[in-house]
Protein chains: 2
Amino acid sequence: MRLSHQEPPANLAQRLADSGLRNTPQREVVYNALLVRRDHPTADEVYTRVRPEMPTISLATVYNCLETLVQCDLVRQVNFERGPSRYCANLLPHAHFHDEKTGATYDIPLPPEVLAHVRSVLPAGYEAKTVEITFHGQAPIA
Amino acid sequence: MRLSHQEPPANLAQRLADSGLRNTPQREVVYNALLVRRDHPTADEVYTRVRPEMPTISLATVYNCLETLVQCDLVRQVNFERGPSRYCANLLPHAHFHDEKTGATYDIPLPPEVLAHVRSVLPAGYEAKTVEITFHGQAPIA
DNA sequence: TCAGCGAATAAGAATCATTCCAATCAGCAA
DNA sequence: TTGCTGATTGGAATGATTCTTATTCGCTGA
Ligand SMILES: [Mn+2]
Ligand SMILES: [Mn+2]
Ligand SMILES: [Zn+2]
Ligand SMILES: [Zn+2]
């Protein structure tokens, strides 16, 4: 697998250990599913993708693993519309582009200065830990 | 009531007519609930607020009315986390600040040039109809 | 004014994503 | 080995929303 994303090599086992959590085959297989196909799948889609490799895993466990990965800051939970949560393993600062025709979601890299400009709209006293930016519209046909 | 928001006077009856929809007491009372208290209530909260004035309205109708108002572009449906949708009658360009401690959501005005800067991150071919920006963190105590 | 018609509402059932629960299970330590 | 604790399972429960169906309403044309 060639990583087209330039990211720090976030090691699952390490991050789990740091959080005082155990590494398990289920957590590995769920995390890997998010790494190999970065199309922001739902929990149920992850479940479907992971079952061929681990047929005994339960949907509840997929939910548990995803929650754990989010807690460890290895995965972002994405909610920009009604409907199931989606999960994203891209740790670089990025916005989401939601294609209203196809339903697909794309990552749009966010330069630091844009992020800074956005944060500058906050009045004094507002302390933002995170900023989420989502576009809705039509993505290129290609 | 003094409108602290400087907005075009979006007339409900007019907008409904424009969309070929009928004005009804239910739609008026639901829309009014969003105008008088702009704290991004859920459908259920709107239901609770509206019942004293119209005890026979049903929750299903509240959902229907909210959907209609969203369709008419009089109301924004806001989803930035799991959980019930919230509704916002502020038509001016603004971001949302979600206070993680209190759960409250505040409107943050968005200057056009910031919006333009954000849109500039889109690669060629991406046509964004709307941009949503949400901050998560801690709002001032006051 | 009134009948007819489609739109809108009301009440409750159904759906769907998620969470909860209770019973195993697994890895490590005594 | 045995215990302990965290993790996994399968199924039940929950909560928000949507759907269905009957009823009511509002407008238009006679
Ligand atoms: Mn969409
Ligand atoms: Mn929150
Ligand atoms: Zn992403
Ligand atoms: Zn708002």
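Just so we're on the same page: letters track the sequence lines, and every chain starts at 1.
Among pairs with a residue in residues 111-120 of chain B, those fulfilling side-chain hydrogen bond (donor to acceptor under 3.5 Å, both in side chains) read A:H117-B:H117, at least two apart in sequence or across chains.
Nucleotides of DNA chain D lying under 4.0 Å from heavy atoms of chain B occupy a range whose first and last members, 5' to 3', are D:dA16 to D:dG26.
Toward the 5′ end of DNA chain C lies the nearest nucleotide of B:T56, the other residue of the pair B:T56 and B:R82 mapping further downstream. Of the two residues contacting DNA chain D, namely B:N79 and A:S58, the nearest-nucleotide position lying further toward the 5' end is that of A:S58. When each of A:G20 and B:E67 is assigned the nucleotide of DNA chain D with its nearest heavy atom, A:G20 is the one assigned upstream, toward the 5' end.
Going from atom CD1 of B:I57 over to atom C1' of C:dA8 covers 11 Å, rounded to whole Å. Following rounding to the nearest Å, B:R27 (CZ) and C:dA7 (P) show an atom-to-atom distance of 11 Å. The interatomic distance linking A:Y63 (OH) with C:dC20 (P) rounds to 13 Å, in whole Å. Here the P atom of nucleotide C:dA17 and the OH atom of A:Y87 are 12 Å apart, to the nearest Å.
Side-chain atoms of A:D99 and A:Q138 form no donor-acceptor pair, as typed in the model, at a separation below 3.5 Å.
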Kindly determine whether A:L66 and A:L34 satisfy side-chain contact (heavy atoms from CB on, under 4.5 Å), including the steps that lead there.
-> CA-CA 10 Å; A:L66 289 171; A:L34 295 179; 3.8 Å; yes
Could you give me the CA-CA distance, side-chain angles and deciding distance for A:R37 and A:D39, then say whether salt bridge (Lys or Arg N to Asp or Glu O under 4.0 Å) is met?
-> CA-CA 6 Å; A:R37 200 165 147 211; A:D39 59 352; 3.3 Å; yes
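Within the nucleic acid shown, B:S85 comes within 4.0 Å of sugar-phosphate atoms alone, with no base atom in reach, counting heavy atoms only.
B:H96 places none of its side-chain heavy atoms less than 4.5 Å from the side chain of B:I133.
For A:P84, whose side chain is taken as the heavy atoms from C-beta onward, the closest listed nucleotide among C:dA8, C:dA10, C:dT18 is C:dT18. The listed nucleotides are C:dA8, C:dT18, C:dT9; the one nearest the side chain of B:T61 is C:dT9.
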Filtered N/O pairs between nucleotides 24-30 of chain C and protein, under 3.5 Å:
none

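Annotation: proximity of residues 39-52 of chain B to DNA chain D (heavy atom, distance under 4.0 Å) is found for no residue.
Partners of A:S85 under the side chain to side chain donor-acceptor pair (under 3.5 Å) rule, at least two apart in sequence or in another chain, are A:Q77, A:N79.
Outside the 6.0 Å centre-distance limit, the rings of B:H98 and B:F135 are not counted as a close aromatic pair.
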Which pairs of donor and acceptor atoms, one on a side chain in residues 57-64 of chain B, lie under 3.5 Å apart (sequence neighbours left out)?
residue, atom, partner, partner atom, Å
B:S58, OG, B:T61, N, 3.1
B:S58, OG, B:T61, OG1, 2.9
B:N64, ND2, B:A60, O, 3.3

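Cation-pi contact between A:R49 and A:Y47: absent, since separation from the ring centre below 6.0 Å together with deviation from the ring axis within 45° is not met.
Scanning all heavy atoms of the two residues, the minimum distance from B:C72 to B:R15 falls at O-NH1, 2.9 Å.
Listed for the A:E28 side chain is no donor-acceptor partner under 3.5 Å among the backbone atoms of A:P25.
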